[in-house]
Amino acid sequence: MYEGIVQELIDELGRLPGIGPKSAQRIAFHILQTEAFDVSRLAEVLVEVREKVRFCEVCGNVTEQERCAICRDPRRSAATICVVEEAKDVAAIERTREFKGLYHVLGGAISPIDGVGPEDLRIRQLMERLADGTVTEVIIATDPNLEGEATASYLSRLLVQPNLRVTRLASGLPVGGDLEYADEVTLGRAFEGRRVVQG
Amino acid sequence: MPLYRDEAVVLRTHKLGEADRIVTMLSREHGKIRAVAKGVRRTASKFGSRLEPFMVADVQLYEGRSLDIITQAESIGSYGAEITEDYASYTAASVMVETADKITDDGGSLQQYLLLIGALRSLARREHGASLTLDSYLLRSLSIAGWAPSFVDCAVTGAPGPHTAFVVQLGGVVADDVAPPGAPRLDPATLDLLAALLAGDWPVAAASPERIRSQASGIVAAYTQFHLERSLRSLQHVDRGA
């Protein structure tokens with residue numbers, strides 16, 4: 001235990017996700033002991049991020065404006081929407097540079113045991129985006145875990161519309177891994193989702 | 001006993017730190033276990049998929065100071081994929097694991113373990129309607145825990161039935177002379193269905209009309225939450241459409 005403000009700083013840092021008491025202490029002493037550390041800049045950014053950042057009114061991604069950069073970009077295809085659980089997933093998919101469509105952030109996954117039902121997610125907003133018939137494909141990219149699969153199953157039941165293709169991200173073996181170490185569930189999925197290479 | 005092994009069904013998981021999870025399991029021999037599974041949220045994890053809710057696994061753990069640590073997990077039964085394909089089954093299974101989690105707070109039993117696995121397997125195989133399977137599970141789980149409801153004889157005096165006044169707080173149907181004023185009266189068909197669900201008489205349960213099933217589900221939900229002394233969060237999300 002430290003005195004006064006130092007302990008307060010450690011306690012506040014310790015409330016952040018993934019930061020335990022030891023890490024909080026280490027960060028606090030880094031701030032205290034490193035002269036070059038620009039504390040005021042960090043404080044400014046923290047305040048700014050709380051004031052300026054909001055959720056895109058179209059897709060639910062984080063943005064500083066009413067609509068995010070992806071929704072404003074005219075080069076993105078409006079015919080495809082990729083549905084993800086969190087804004088973090090948008091960044092992960094953008095890193096692949098494979099997807100040129102738009103996104104829709106649900107804000108979580110259906111998890112009855114945690115009290116999260118379909119009405120707690122941005123599903124109604126997704127249905128509104130599909131109403132005008134511009135979108136021809138919805139890619140469901142929820143996490144490949146139980147809640148993500150259940151959400152995908154629920155959405156696929158809901159998204160039965162003429163001229164709308166609903167697809168699910170493939171799951172299978174990680175690139176660079178050894179087949180013998182794959183677990184049976186993942187390997188089973190890889191078999192299910194195998195693709196034709198010839199014939 | 002620093003290292004031990006058991007069969008367990010995963011009830012729920014919580015995120016821990018960067019890539020770990022706290023896994024709550026109901027085991028065959030050690031009752032309810034809360035243990036840390038390290039690194040299971042990484043895509044390269046070898047046993048992350050075996051420790052998802054509704055999975056049955058042969059797990060090896062070592063005793064930690066507060067939580068045990070899972071060192072190995074081999075899949076025995078994988079019901080998650082089949083259950084999540086059907087939304088009604090998913091919501092029913094969620095209520096089952098939440099109930100199992102709460103009802104085994106003071107220690108689980110082999111009967112509770114076997115009942116839960118049987119119910120999850122039945123849901124995965126679509127043997128009966130999801131709603132009927134759930135109600136049957138709840139009644140039987142409460143019975144194992146010592147709160148068996150009575151649907152024929154009076155729950156207070158033991159007077160032979162049939163009776164129609166149902167009082168959750170008194171443990172089931174009660175004779176007219178002990179029924180509190182204003183006690184709700186149940187349709188005899190509803191009581192027949194409830195008795196069939198408790199006994200596992202599936203032909204009788206399957207033949208029941210929708211209106212009776214709906215009334216029975218309401219009774220089961222009220223009875224369960226009264227005896228667990230808390231509400232079940234997942235119960236309000238149950239899809240009774242199937």
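Bear in mind the structure is a predicted one, so any value in this text is a computation, not a measurement. Quick note on labels: first sequence line is chain A, next is B, and so on, each numbered from 1.
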Shortest non-hydrogen separation from B:Y90 to A:S111 and the atoms involved: OH-CA, 3.7 Å

Would you indicate whether B:K38, at its atom NZ, is surrounded by more than 12 heavy atoms from other residues, nucleotides or ligands within a distance under 6.0 Å? no

Please check if the number of heavy atoms outside A:D132 that lie under 6.0 Å from its CG is greater than 12. yes

The test is side chain to side chain contact (heavy atoms under 4.5 Å, CB included); show your working for A:N145 and B:R21 and say whether it passes. CA-CA 13 Å; A:N145 55 25; B:R21 275 190 205 280; 4.0 Å; yes

Hey, does the side chain of A:S153 reach the backbone of B:E85 with a donor-acceptor pair shorter than 3.5 angstrom? yes

Heavy-atom proximity to chain A below 4.5 Å, by part of B:E52: side chain

Reported CD1-to-CD distance for the pair B:I83 and A:E149, which is rounded to 0.5 angstrom: 13.5 Å

If you count every heavy atom of other residues, nucleotides or ligands that lies below 6.0 Å from A:Q161 atom CD, does the total exceed 12? yes

If the test is side chain to side chain contact (heavy atoms under 4.5 Å, CB included), which one of A:D120, A:D114, A:V116, A:I110 qualifies with B:H237? A:D120

Measure the spacing between OH of A:Y154 and OG1 of B:T91 and express it to the nearest 0.5 Å. 10.5 Å

If I compare all heavy atoms of A:I113 with all of B:R12, which pair ends up nearest, and what's the gap? O-NH2, 3.9 Å

Between A:R189 and chain B, with a heavy-atom cut-off of 4.5 Å, which part of the residue counts as in contact: side chain, backbone, both or neither? neither

Can you say whether B:L11 sits under 4.5 Å from chain A via the side chain, the backbone, both, or neither, judging by heavy atoms? backbone

Tell me if the CZ atom of A:R194 is crowded by more than 12 foreign heavy atoms within 6.0 Å. no

Count the heavy atoms of every other residue, nucleotide or ligand shown that sit under 6.0 Å from CZ of A:R157, and state whether that count exceeds 12. yes

Given a strict heavy-atom distance threshold of 4.5 Å, which part of A:E147 is in contact with chain B: side chain, backbone, both, or neither? both

